[in-house]
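What follows is a single structure, written as structure tokens, with notes after it.
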Amino acid sequence: MRRRLLLSTLAVAIVAILLLGIPLAYATHKLIYEEARQSLAREASSILGGVALNLDANERPDESKIAQAYPGRYIVITLPDDRVIAAGPKPAPRTGLLTAGGTAGGVHVQVSRPAAEVRDEALKQLLLIGSLAALGVAVTVALAMFQARKLTLPLIDLAETADRLGSGNARPRRRRYGIAEVDRVAEVLDRSAVRIADLLAASREFASDASHQLRTPLTALTMRLEEMIEAADYPDVVREEGAAAIAQTERLVAVVEQLLARARHDRTGAAVPSPIDGVIAQQVEEWRPLFRRDGREIRITGEQGLVGMTNPEGLSQIVATLLDNSLVHGAGTVTINTKQGASSVVVEVGDQGEGIPPELEPRIFERSVSSGKGTGLGLYLARSLAVVDGGRLELINSRPAVFGVFLRQAAEARLAEERVVIGPA
């Protein structure tokens, strides 16, 4: 491309110089010869005037003075009595001459000069024009090389940027080149890099969230299958554990559907009035065997029969995350307490462990924040699930750790919907 730009610019410059230079050279050549003839005619007229004055004064024209006054000229003066006076050096035979003459009062004057002198002067002017043309071509080549470099280097840079995007390096370069069209392409590539980076980040986030969210139900399902294998000789136990395994599989399907909804950016939530006792009982049934293996218990306290606005699958995930967090990081008995708040239904999950270190307390719900025993995703995802349904997840107490899930009351949610429906337009 650089070579094509250089050749095309050079061709345009040469054509322009030829179109201008050839007429200019012709006009200059013609002007020099015309100026030389006019100069000889003026000299002849001036000599005629001088000779007329000499004749009026009955004096003979002095050829030496005339030759001195017009150096380089060969002057022939013919007087009225046919006398001939020659002044200046006589040119050699067969020498090309440029001649002009004039006649007045019976006096004829002829002034000549070598044509070679005029030709040399014209040649000098033509050489000057040719030199300027060559200089113009050189400057054009230099500017063409500069312009070609200015145009091709950004394109090479943009090609490298596009190649980097294709290889997965989606960091925008933010480079601009002072060329509007090229800068436009650079801006588009930078925006594409940002979008690709967002897509890659979302993909990695989805993979991390999926692995974390699926780990808990898969662990519970594995535990149920182990119980079934150990109780193979007891059909009633196998039947009970099989039913629990089916329920756990259904919960796993719900988790997958939630993850797919998140991947489609479906953040609207599906909160409905839901009894929370059943959700908590199901989670306690699933997690109690794991806690018993570690010599720990789960206790349910508080008010019964509470109804909150939530997605049951989402609330199950939140409670499962809090129980898993307590199993890994806590100690002692885990207490799940339900109560009716001033404007919400509250589910508190706490244990008797050492609690949350002071340095982690302000950032406990941030992504990838962990004490080193987990992925740092559980509490972040649990809070996200609570927010989707219009609730919130808060840290009520740090040491020992007590978390609270605040759900909207069903009556308050219905009242809000009625306000929206019957409110002024």
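Residues forming a salt bridge (Lys or Arg N to Asp or Glu O under 4.0 Å) with D56 (at least two apart in sequence, or on another chain): none. A100 meets the side-chain contact (heavy atoms from CB on, under 4.5 Å) test with L40, A41; sequence neighbours excluded. Looking at residues two or more places apart in sequence or on another chain, you find a salt bridge (Lys or Arg N to Asp or Glu O under 4.0 Å) between E394 and R383, R392. In this view, R113 and E117 satisfy the salt bridge (Lys or Arg N to Asp or Glu O under 4.0 Å) rule, not counting sequence neighbours. The salt bridge (Lys or Arg N to Asp or Glu O under 4.0 Å) check on E121 picks up nothing, with sequence neighbours excluded. Take N337 and apply the side-chain hydrogen bond (donor to acceptor under 3.5 Å, both in side chains) test, not counting sequence neighbours, and it matches T301. For Y26, there are no ring-ring contact (aromatic ring centres under 6.0 Å, His included) partners at least two apart in sequence or on another chain. Annotation: side-chain contact (heavy atoms from CB on, under 4.5 Å) contacts of R184 (sequence neighbours excluded): E187, V188, R191.
Within the structure, the ring-ring contact (aromatic ring centres under 6.0 Å, His included) test picks out no pair touching residues 68-110 (sequence neighbours left out). The list of side chain to side chain donor-acceptor pair (under 3.5 Å) pairs with a residue in residues 80-95, not counting sequence neighbours, reads D81-R83. Sorted by first and then second residue, the pairs that involve residues 355-365 and meet side chain to side chain donor-acceptor pair (under 3.5 Å), not counting sequence neighbours, are E361-S398. Listed by first and then second residue, the salt bridge (charged side-chain N to carboxylate O under 4.0 Å, His left out) pairs involving residues 335-349 are K339-E348 (not counting sequence neighbours).
Judged purely by distance below 3.5 Å, without hydrogens or angles, the side chains of E286 and Q282 pair a donor atom with an acceptor atom.
Looking only at side-chain heavy atoms (C-beta outward), I85 and V51 stay at 4.5 Å or farther from each other.
Looking at L306, V405, V346 one by one, the single match for side-chain contact (heavy atoms from CB on, under 4.5 Å) with T338 turns out to be L306.
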